2 protein chains.
Amino acid sequence: MEFKPTIEDVAKLAKVSIATVSRVINNQGGVRKATEERIVSAINELGYIRSAVARSMKRKETHTIGIIVPDIKNPFFPFVVSGIEQKAREKGYYTILSSTNESPIVEEEIVKIFIERGVDGVIITTANETGDHIKLLHDQGIPIVAIDRAIKNFEVDTVLVDNVNGSYQAVQHLILQGHKKIAIICGPQNTTPGHERFLGYKKALEDYNIPLDDKLVIQGDFMEGSGFHATHELFDLEARPTAIFSSNNLMTIGCMKALVDLDWKLGEEVSFIGFDDVEIATFIKPKLSVVSRPMNTLGEIAVQLLYERMNVKGNLPKRQYLLSPELKIRESCQLNKIKI
Amino acid sequence: MEFKPTIEDVAKLAKVSIATVSRVINNQGGVRKATEERIVSAINELGYIRSAVARSMKRKETHTIGIIVPDIKNPFFPFVVSGIEQKAREKGYYTILSSTNESPIVEEEIVKIFIERGVDGVIITTANETGDHIKLLHDQGIPIVAIDRAIKNFEVDTVLVDNVNGSYQAVQHLILQGHKKIAIICGPQNTTPGHERFLGYKKALEDYNIPLDDKLVIQGDFMEGSGFHATHELFDLEARPTAIFSSNNLMTIGCMKALVDLDWKLGEEVSFIGFDDVEIATFIKPKLSVVSRPMNTLGEIAVQLLYERMNVKGNLPKRQYLLSPELKIRESCQLNKIKI
DNA sequence: ATGAAAGCGCTAACAT
DNA sequence: ATGTTAGCGCTTTCAT
């Protein structure tokens with residue numbers, strides 16, 4: 001049955017005008033019971049499904065939310081996306097997802113396509129926080145919610161995780177265990193998460209009067225490989241750190257691999273805390289302590305903010321959420337195990 | 001600049017008809033160089049972006065591929081989706097993704113929405129392999145490609161992994177190591193992967209004349225919890241197995257957690273192979289041997305098949321791909337470690 | 001309670 | 001090489 005019935009076919013079969021059919025499929029009321037029944041059975045008989053395209057054309061809205069993430073393969077994002085999707089569906093919105101592989105160029109293309117397709121709003125974790133390349137959205141008056149990473153050059157609603165606080169807690173915990181030589185594997189300093197996590201590290205050291213040692217600050221790029229190399233670098237230091245703080249999940253993985261490689265004994269020769277929970281955390285012995293982000297909540301709040309912005313006529317002020325990460329102490333940073 | 005310019009605005013500014021503008025934005029040629037330049041600069045000046053909605057309305061195609069997966073949080077799917085998305089974008093298609101949480105009801109809703117939105121094709125890992133609930137797509141003549149799980153009640157292109165072969169290899173390897181009491185943690189037997197992986201297990205036992213012991217066959221549901229419980233059950237057996245084969249990634253995770261809990265020593269007291277590679281595989285000591293599926297390729301082939309079906313007028317026969325999984329031998333099933 | 005008709009922004013067939 | 005125009009399927013205003 002390759003034939004796609006339209007509202008007109010339904011109208012004919014039910015012997016009414018298309019306007020009346022429209023009223024029924026949109027539950028607008030004002031249609032006589034009997035007429036409605038005739039229409040409904042015509043719809044069923046034909047297997048009519050209304051065209052969202054035509055509807056969008058007329059209504060100037062698609063009920064579609066565009067989602068842009070930098071890397072769908074990073075396990076953090078599927079959890080966030082899952083939160084977004086579920087909440088969005090609840091509210092009658094649907095999502096179109098794209099992953100940019102951290103490329104601002106790809107991101108710009110995607111933005112263009114999202115505009116072409118008339119998305120009603122966008123939730124984005126951008127690959128370039130200046131936001132210049134997604135200015136187009138802003139210009140078109142399409143609501144944006146930035147999650148996990150801020151947009152600098154114009155105002156948008158934002159849902160962030162309190163990175164400074166999260167890494168502060170982690171490093172503080174390490175310090176309270178007696179560590180003084182605490183290394184950090186950093187994320188890119190031109191990203192909010194990367195920079196802020198470093199800031200939290202720095203602040204904790206300052207608060208406890210531990211001088212910052214540049215040699216213990218290794219730059220990474222949030223990818224597994226850089227965690228691996230950073231750990232090697234740290235191991236080769238004359239004054240090896242007694243504790244390592246890794247700025248994200250993927251680098252934590254890399255770090256763990258390096259530790260095994262180097263036979264650098266986790267929990268005995270070196271303590272560890274990582275930003276982001278990882279699947280492996282509870283399998284490694286000792287179990288990994290981590291700072292964990294509320295991924296699902298992140299997605300849900302983003303939808304809520306976007307929803308308000310899409311459906312409120314008046315001007316809303318810029319809203320900013322800062323979610324608290326949670327320090328999960330497990331076994332990789334226990335007291336007294338390490339000779340300091 | 002909340003104003004959205006249309007093709008007409010461009011035409012006016014460039015002092016041509018909308019037809020000519022249309023020719024330019026679709027690169028159809030037959031436009032004088034000078035005219036084209038005028039149009040292009042009008043487009044830039046206005047910041048015109050053509051409406052995909054209006055275009056779809058006319059063309060009866062959206063260049064959108066709908067993707068339906070049962071659980072985006074299962075790390076297998078982001079990798080598949082990533083393969084799909086990349087290949088699709090190369091071909092000028094875009095993807096709209098939904099996760100059903102293994103619910104055929106949600107799946108049916110999503111199918112309806114996909115049809116409303118006029119997707120040109122669908123790539124699906126269904127939550128109910130009869131396929132009855134997605135018959136609608138088929139009826140509308142919308143091309144479908146089933147991946148990872150087959151559709152039984154009507155014909156669609158299919159990209160599957162050779163599950164029988166994969167688990168056969170795994171179990172065979174275990175047998176060749178001298179194991180006779182090999183347990184399997186099964187997936188749901190009403191899913192292709194669940195059933196086929198059991199079949200491979202059975203066949204390997206038969207081929208090596210090892211009688212199948214019902215006690216060593218534990219039913220799971222592909223979720224972490226069931227892997228955990230299954231392992232406990234196995235441990236409680238009078239005749240404990242000397243090796244375990246787990247039918248998927250999540251159950252492998254559950255199994256590992258149980259092993260730690262029970263202090264049942266992996267690689268010493270019990271060997272292990274799991275279906276699907278998992279992130280933790282190389283962190284656990286001993287490293288986990290696994291059967292690994294080509295996730296990216298799975299997605300890419302699916303797009304290729306779908307693309308052909310969307311763009312070829314004539315009837316194509318049903319195509320079926322069967323990708324070979326790869327046995328990755330690491331350390332969790334070494335010879336001589338276990339007293340058998 | 002129902003119908004007629006305009007029009008959303010675009011493409012494509014048909015003029016010129 | 002360029003313009004005119006008829007829809008695509010729907011919503012919505014205005015009549016009746």
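A, B, ... follow the sequence lines: proteins, then strands. Residue 1 opens every chain. If you're wondering where the values come from, they're calculated on a predicted model, not measured in any experiment.
- Not a single donor-acceptor pair under 3.5 Å links the side chain of D157(A) to the backbone N or O of V145(A).
- One interatomic measurement links the two molecules: CD of E37(B) to C1' of dT2(D), which rounds to 17 Å at whole-angstrom precision.
- Cation-pi geometry between R293(B) and F76(B) is satisfied (NZ or CZ under 6.0 Å from the ring centre, within 45° of the ring normal).
- A donor-acceptor pair shorter than 3.5 Å can be found between the side chains of Q304(B) and E308(B).
- To the nearest angstrom, P of dT4(D) lies 13 Å from NZ of K12(B).
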**Asked** Could you run down nucleotides 6-14 of chain C 5' to 3' and tag each one B, S or - for protein heavy-atom contact under 4.0 Å?
**Response** BBBBBBBB-
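- Between N26(B) and R55(B), the side chains place a donor N or O and an acceptor N or O closer than 3.5 Å (distance only, hydrogens not considered).
- Between T126(B) and E107(B), the side chains place a donor N or O and an acceptor N or O closer than 3.5 Å (distance only, hydrogens not considered).
- If you measure from atom CD1 of I39(B) to atom P of dA1(D), you get 13 Å, rounded to the nearest angstrom.
- Side chain to side chain, R89(A) and T95(A) fail the donor-acceptor criterion of an N or O pair below 3.5 Å.
- Contact annotation: T20(A) side-chain N/O to dT2(C) OP1/OP2 distance is not under 4.0 Å.
- Across all strands shown, S56(B) has no heavy atoms under 4.0 Å from either base or sugar-phosphate atoms.
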